Protein chains: 2
Amino acid sequence: MTEECNGSVETALDILVGKWKPIILFHIFQHETLRFSELQRLVPEITKKMLTSQLRELEYHDIVHRKVYAQIPPKVEYSITEYGKGITPMLESLNSWGNLHLAHLRELYGEEAVKNK
Amino acid sequence: MTEECNGSVETALDILVGKWKPIILFHIFQHETLRFSELQRLVPEITKKMLTSQLRELEYHDIVHRKVYAQIPPKVEYSITEYGKGITPMLESLNSWGNLHLAHLRELYGEEAVKNK
DNA sequence: CTGGATCCCTTAAGATACTG
DNA sequence: CAGTATCTTAAGGGATCCAG
């Protein structure tokens with residue numbers, strides 16, 4: 001049971017780790033569909049390389065759909081798959097606990113300590 | 001809102017990343033309280049260094065309590081704090097989605113591809 | 001027994017330049 | 001426009017030895 005339980009938790013974590021995945025998902029969720037360049041504008045600090053690799057991983061996991069328009073100049077749109085929409089409860093769960101925890105950390109260590117962690 | 005939402009998701013991820021945290025938490029949850037050496041036995045592949053550092057992070061986040069017995073030889077027990085017990089719903093959420101996702105991956109790529117991922 | 005300190009290696013991530 | 005390819009840097013993690 002140890003294995004099963006942790007395997008699955010780690011599977012879930014897998015699609016969320018990678019420094020940029022949460023924020024990428026957030027934007028795609030919010031806009032329904034986004035082009036590569038639009039994502040770049042929304043997350044300016046990310047490099048093309050990272051953006052590409054993170055999107056590819058999300059695509060592999062069937063969370064994100066990649067639609068390529070065969071045209072010049074190229075156009076590629078990313079969207080959340082039907083299956084991918086199923087992660088919402090998990091994200092909500094992480095989000096709400098995260099908020100609680102930020103408050104808790106502030107209580108424990110003060111405003112400053114939390115900011116520059 | 002982008003910032004708030006992702007900040008909190010990443011805060012939540014923070015306490016779970018680190019290759020060993022989920023499995024460590026799992027064991028402590030299961031046993032209520034565990035000594036350092038017991039954890040080592042339960043997770044044989046982990047080094048002392050990693051076990052120590054992961055436990056310290058969990059302690060910092062007030063998820064795990066560290067109780068030191070002032071005696072020779074030393075004895076230290078780790079347990080989940082009251083506050084720490086509040087992560088259960090989040091872990092459940094990750095766990096159940098993780099299980100779903102493992103099944104989904106098997107559907108997409110077959111048994112083998114999933115095993116040695 | 002429960003760690004700390006050190007060294008080393010591997011992997012994740014950033015910078016930059018180039019291409020169909 | 002949407003990427004690849006290559007190189008460099010930073011961080012995570014492992015091995016080993018030492019200590020109260």
Side-chain angles (χ1 to χ4, degrees), chain A residues 6 9-28 31-61 64-80 116-117, chain B residues 6-7 9-25 27-28 31 33-61 64-79 116-117:
Chain A
N6 272 277
V9 168
E10 281 160 17
T11 301
L13 289 176
D14 244 41
I15 73 132
L16 292 175
V17 298
K19 201 172 167 188
W20 303 100
K21 291 212 193 87
I23 196 168
I24 289 173
L25 283 175
F26 174 80
H27 286 299
I28 305 184
H31 292 78
E32 294 290 318
T33 165
L34 279 174
R35 300 183 57 171
F36 189 85
S37 53
E38 293 175 315
L39 272 166
Q40 269 196 102
R41 278 192 306 97
L42 290 167
V43 193
E45 325 84 56
I46 196 174
T47 63
K48 295 176 179 194
K49 175 191 168 183
M50 287 313 295
L51 183 52
T52 302
S53 73
Q54 307 278 286
L55 285 168
R56 289 293 143 82
E57 287 178 39
L58 290 169
E59 188 190 359
Y60 170 85
H61 284 282
V64 157
H65 175 66
R66 180 166 177 266
K67 179 168 184 183
V68 182
Y69 293 83
Q71 64 179 51
I72 306 285
K75 173 177 171 183
V76 180
E77 281 181 350
Y78 294 91
S79 54
I80 306 292
N116 54 351
K117 90 78 239 190
Chain B
N6 271 278
V9 168
E10 280 159 19
T11 301
L13 289 175
D14 243 40
I15 74 131
L16 292 174
V17 298
K19 201 171 165 188
W20 304 100
K21 291 212 193 89
I23 196 168
I24 290 173
L25 283 174
H27 286 299
I28 304 183
H31 293 78
T33 165
L34 279 175
R35 299 184 56 172
F36 189 85
S37 53
E38 292 175 316
L39 272 166
Q40 269 196 101
R41 279 190 307 97
L42 291 168
V43 193
E45 325 84 56
I46 197 174
T47 63
K48 296 174 179 193
K49 174 191 170 183
M50 288 313 297
L51 183 51
T52 303
S53 72
Q54 307 278 287
L55 284 169
R56 289 293 143 83
E57 288 178 37
L58 290 170
E59 190 190 359
Y60 170 85
H61 285 280
V64 157
H65 176 67
R66 180 167 176 267
K67 178 169 186 183
V68 182
Y69 293 81
Q71 63 180 51
I72 306 286
K75 173 177 170 181
V76 180
E77 281 181 350
Y78 294 91
S79 53
N116 53 353
K117 88 77 240 187

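The basis for the numbers below is simple: all heavy atoms, side chains too, and nothing from hydrogens, waters or symmetry mates. Quantities reported herein were computed from a predicted structural model and do not represent experimental measurements. The chains referred to below are lettered A, B, ... by the order of the sequence lines, with proteins before strands, and numbering in each begins at 1.
Atom CG in Leu34(B) sits roughly 13 Å away from atom P in dG3(C) (whole-Å rounding). Lys75(B) places its NZ atom 12 Å from the C1' atom of dC1(C), with the value rounded to the nearest Å. Atom CG of Leu51(B) is separated from atom P of dG12(D) by 18 Å (rounded to the nearest Å). For the pair Gln40(B) CD and dC1(C) P, the interatomic distance rounds to 9 Å; values are reported in whole Å. Between the CD atom of Glu77(B) and the P atom of dC1(C) there is a distance of 15 Å, rounded to whole Å. Summarising the geometry, the separation between CG on Leu55(B) and P on dT2(C) is reported as 11 Å, rounded to the nearest angstrom. Taking atom CD of residue Glu59(A) and atom P of nucleotide dA2(D), one finds them 15 Å apart after rounding to whole Å. Spacing between atom CD1 of Ile72(B) and atom P of dG3(C) amounts to 13 Å, rounded to whole angstrom units.
From Glu10(B), atom CD reaches atom CD1 of Ile23(A) across 7.0 Å, with rounding to the nearest 0.5 Å. Interatomic distance, Trp20(A) CH2 to His27(A) NE2, rounded to the nearest 0.5 Å: 10.0 Å. Distance CG/Asp14(A) to NZ/Lys21(A): 7.0 Å, rounded to 0.5 Å.
Contacts of Tyr69(B) with the nucleic acid, taken as non-hydrogen atoms under 4.0 Å apart, are absent.
The only member of His65(A), Arg35(A), Arg66(A), Glu32(A) that meets side chain to side chain contact (heavy atoms under 4.5 Å, CB included) when paired with Glu77(A) is Arg35(A).
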Output one letter per nucleotide in nucleotides 4-20 of chain C: B when a protein non-hydrogen atom lies under 4.0 Å from the base, S when only the sugar-phosphate is that close, - when neither is. S-B------BBB----B
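When every heavy atom of Lys48(A) is checked against every heavy atom of Phe36(A), the shortest pair comes out as O-CZ, 4.0 Å. Here the shortest heavy-atom pairing between Leu42(B) and His31(B) reads CD1-CE1, 3.9 Å.
Here Arg35(A) does not reach the OP1 or OP2 of dC1(D): none of its side-chain N or O atoms lies under 4.0 Å away.
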